[in-house]
Enquirer: 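What follows is a structure written as structure tokens; I'll ask about it next.
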Amino acid sequence: MSNHFLKVDELQRTLADGVIEEINFENGVNLIVGRPNTGKTKWLQTLDFLLGDSGEHPYFDDENPEEPISEKYTGARA
């Protein structure tokens, strides 16, 4: 039996103005740390969505309806 695995090297989100935000991952275990409400969970939801999660769409934000994330970002890729 072969050992299959999935490796994600980077995760990118494209802002509406074309600026790309990205996280680069290293081999092994990676941690995403930061102050509260700085987007850590949204990064993980983005990755889940790209991998086929049928749950909450990461580009809709019920917490901040004034500025929906679906208008802030135009795309994402891993």
Enquirer: List the residues meeting salt bridge (Lys or Arg N to Asp or Glu O under 4.0 Å) with Glu21, not counting sequence neighbours, and say none if there are none.
Expert: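 Scan of Glu21 (salt bridge (Lys or Arg N to Asp or Glu O under 4.0 Å), adjacent residues dropped) gives Arg13.
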Enquirer: Once you round to the nearest 0.5 Å, how far does CD of Gln12 lie from OG1 of Thr46?
Expert: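 Nearest 0.5 Å value for the CD-OG1 distance: 12.0 Å.
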Enquirer: Atom CZ in Phe25, atom CG in Leu31: separation rounded to 0.5 Å?
Expert: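 One gets 11.0 Å once the value is rounded to the nearest 0.5 Å.
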Enquirer: Are the side chains of Asn27 and Lys7 in touch, meaning some heavy atoms are under 4.5 Å apart?
Expert: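 In short, these two side chains touch, coming nearer than 4.5 Å.
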Enquirer: Drop me the distance from Thr14's OG1 to Lys72's NZ, to the nearest 0.5 angstrom.
Expert: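 Rounded to the nearest 0.5 Å, the OG1-NZ separation comes to 13.0 Å.
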Enquirer: Do Leu47 and Phe49 sit in one hydrophobic cluster, given that two such residues count as connected whenever their side-chain heavy atoms are within less than 4.5 Å of each other, even indirectly?
Expert: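 Leu47 and Phe49: separate clusters.
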Enquirer: Test your reading of the model: is there a side-chain donor-acceptor pair from Lys40 to the backbone of Arg35, 3.5 Å cut-off?
Expert: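 The answer is yes, because a donor-acceptor pair under 3.5 Å joins these two groups.
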Enquirer: Is there a path of hydrophobic side-chain contacts, each under 4.5 Å between heavy atoms of I/L/V/M/F/W/Y residues, joining Phe5 to Leu51?
Expert: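 Leu51 and Phe5: separate clusters.
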Enquirer: Locate the shortest heavy-atom distance separating Ala78 from Leu11; write the atom from each residue and the value.
Expert: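 Scanning both residues, the minimum pair turns out to be CB-CD1, 4.0 Å.
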Enquirer: Checking Asp17 now: which residues fulfil salt bridge (Lys or Arg N to Asp or Glu O under 4.0 Å) with it, not counting sequence neighbours?
Expert: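 Counting only residues at least two positions away or on another chain, Asp17 forms no salt bridge (Lys or Arg N to Asp or Glu O under 4.0 Å).
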Enquirer: Quick one: salt bridge (Lys or Arg N to Asp or Glu O under 4.0 Å) partners of Glu26, sequence neighbours excluded?
Expert: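 Residues passing salt bridge (Lys or Arg N to Asp or Glu O under 4.0 Å) with Glu26: none at all.
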Enquirer: Report yes if the side chains of Leu15 and Tyr73 come closer than 4.5 Å at any heavy-atom pair, otherwise no.
Expert: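 The answer is yes; the side chains approach within 4.5 Å.
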Enquirer: Treat each ILVMFWY residue as a node, draw an edge where side-chain heavy atoms are under 4.5 Å apart, and state whether Val8 and Ile32 are in one component.
Expert: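 Yes, it is one cluster - the side chains of Val8 and Ile32 are joined through contacts under 4.5 Å.
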Enquirer: Hey, does Ile23 have a side-chain heavy atom less than 4.5 Å from the side chain of Asn30?
Expert: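 No; the side chains remain at least 4.5 Å from each other.
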